[in-house]
J.: 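So that we are looking at the same thing, I have put the structure below in structure tokens.
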Amino acid sequence: MLRWGISALSHDAALAVVDDDRLVFAGHSERYSRVKNDPLLHPDLLAEATTFGPPEQIVWYERPYVKKLRHLQAGQWSDAFSPRDLPRAFLRSLDLPFTLPEITYVDHHHSHAAAGIATSGFDEMAVIVADAIGEFRTFTIGYRDRDGHFETLHRRAYPDSLGLLYSAFTRRCGFRPNEDEYIVMGMAAYGEPRYTAQIHEELLEITTPTFRLRGNVHRGIGNWLPDASPEDLAASIQAVTEATMLAAARWAHDATGSENLVLSGGIALNCVANSVIASDSGFQKVWIFPNPGDAGSSVGCIAAVTGSPLRWNGPYSGTDIPGDYPVEELARELVGSGMVGVASGRAEFGPRALGNRSLLADPRTAEMKDKVNRIKGREPFRPFAPVVRVERAHELFDLPTAASPYMQFTARCLHPGVVPAVVHRDGTSRVQTVAPDQHPGLHALLGEWEDRTGCPVLLNTSLNGRGEPLLNTADDVQRFSSRTSLPVY
Ligand SMILES: [Fe+2]
């Protein structure tokens, strides 16, 4: 049975196609429309999904009418009474080349949880879902047993939301809420967490196993502590987030007795908090779907309906640029000029470039950061990530997990002087490890690079310009390459 899973009409719309239990396609709308975090489904995305055949069922990642009840509770009257964000009316307006099949709706947190459960490979597991807001639920801790039964052990609901509080701080620091939280996380390393006590006194009360908010922060925290620097505010909310998530994970470990944790929801994009959990919560294994936010729920909602493990090939499930991975060309260019773009194979589904739409560079000088920033035009304080073969990773990075194939964990760099361009202000790196079966081409390139230079690491960042989504098609690449003069293979 061919199913479409859709996450749309909020932010960062995405569509997944699953054939029985096999993920055959998943893409972000923004990559097609070139509009960052596009909430609508672009016609080219729909056309690509339709090449797999008309869907027999469409699964929607949340329950729209329950969400409208929350809009009513929150006094968002225009959202509550608008018919425009109702999925059936929206899908009818898209002029799809097939008769609209049955639409099935899944709870927002169920979609998040199922994306992780179905791809984890675990037979039983604790599950934590933490995000900003879906319908009402904002935090779920549960246990999924070997028979597939899910028991909810703890929940928090709107307006108690750690994600909304983080977004409120994102706005307070001068960035866009629901979009720029990763910038705040990067900025945190430049500040001191001097306001954590004040956050607890005025905004977030610690309870077991999670928290309550002392007020509704959905519309922000205004100019809270007007004299505080954005860096110190970022460090403070980051510290509170890490401590809150760690306490929840420790409680989940004790309550479930499981050694396996699935972490999902937008807060699972916080790789510093993920690392604290992986190191200190007591779980042996932590699994995070490479797209744990709402876009990834396009996959999760289908998994919630089927209730079975998903067959998938990792996050490389988007638009294809066919051909062999250009190992020789990339190695030659990296040795010659120190920087190269690669656009080959299927685009990554998720927020990180993991080798198929990447800008790769020589990490051995700190100046390389400035060179890459000139191409990408982004904030100078933001860190760049290293990519390294998994068999060499632990010699260079103090990783909290055996592998980090999707850049979901940070680790202290053990030799920062060797690869200064990929070490953040606090001495850590957001590592991507590569195994031969995970990405043979990238693994071979790293081997070739080390053979020629003695360096086992490359800098890996997304192939895009300032404020742009990741490049998607060969035409996008052509335009980018001619504008920036960066060679792309
Ligand atoms: Fe969510």
Side-chain angles (χ1 to χ4, degrees), residues 5-16 26 28-30 37-39 59-71 73-74 76 79 85 87 105-119 127-142 150 152 154-168 170 176-182 184-185 210-211 213 217-218 241 244-245 248 262-271 273-274 287-305 349-351 408:
I6 295 177
S7 163
L9 299 177
S10 178
H11 58 103
D12 196 10
L15 195 160
H28 295 256
S29 194
E30 65 169 25
N37 288 314
D38 190 347
V59 190
W60 194 265
Y61 80 120
E62 62 183 9
R63 295 186 188 277
Y65 285 104
V66 183
K67 191 171 177 177
K68 286 199 176 294
L69 285 178
R70 196 253 302 159
H71 289 148
Q73 184 189 324
Q76 295 168 267
D79 290 330
D85 57 353
Y105 302 95
V106 175
D107 288 343
H108 189 102
H109 269 214
H110 191 182
S111 295
H112 276 312
I117 292 168
T119 53
V127 178
I128 296 179
V129 179
D131 64 358
I133 184 69
E135 298 100 357
F136 284 92
R137 195 82 73 82
T138 63
F139 209 107
T140 302
I141 303 176
F150 187 89
T152 300
H154 171 79
R155 66 188 77 185
R156 280 281 173 259
Y158 179 85
D160 291 314
S161 167
L162 186 59
L164 283 180
L165 183 63
Y166 205 101
S167 292
T170 303
R176 292 166 299 180
N178 297 322
E179 291 190 29
D180 293 339
E181 280 70 17
Y182 64 102
V184 174
M185 183 180 69
T210 54
F211 61 91
L213 292 193
V217 299
H218 201 162
T241 300
T244 306
M245 292 302 293
V262 161
L263 198 54
S264 196
I267 292 181
L269 290 164
N270 192 311
C271 53
N274 295 344
W287 168 254
I288 305 167
F289 182 58
N291 200 348
D294 286 357
S297 286
S298 56
V299 174
C301 64
I302 299 178
V305 165
F349 181 59
Q408 293 167 318

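In listed order, ligands and their atoms are each counted from 1.
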J.: Give, for atom CG of N37 and atom CD of E179, the distance between the pair rounded to the nearest 0.5 Å.
T.: 4.0 Å
J.: Would you list the protein N, O or S atoms within less than 2.8 Å of the Fe ion (ligand 1), leaving out water?
T.: H108 NE2, H112 NE2, D131 OD2, D294 OD1
J.: Is it true that E62 and S111 share a donor-acceptor pair across their side chains at a distance under 3.5 Å?
T.: no
J.: I'd like to check the side-chain hydrogen bond (donor to acceptor under 3.5 Å, both in side chains) partners of N270; sequence neighbours left out, ordered by chain and number.
T.: Q238
J.: I need the single residue from H108, H112, H110 that forms a side-chain contact (heavy atoms from CB on, under 4.5 Å) with V129. Which is it?
T.: H112
J.: Would you please classify the geometry between the F349 ring and the H28 ring as parallel, tilted or perpendicular, with 30° and 60° separating the classes?
T.: tilted
J.: Could you check whether K68 pairs with D79 (Lys NZ or Arg NE/NH1/NH2 to Asp/Glu carboxylate O, under 4.0 Å)?
T.: no
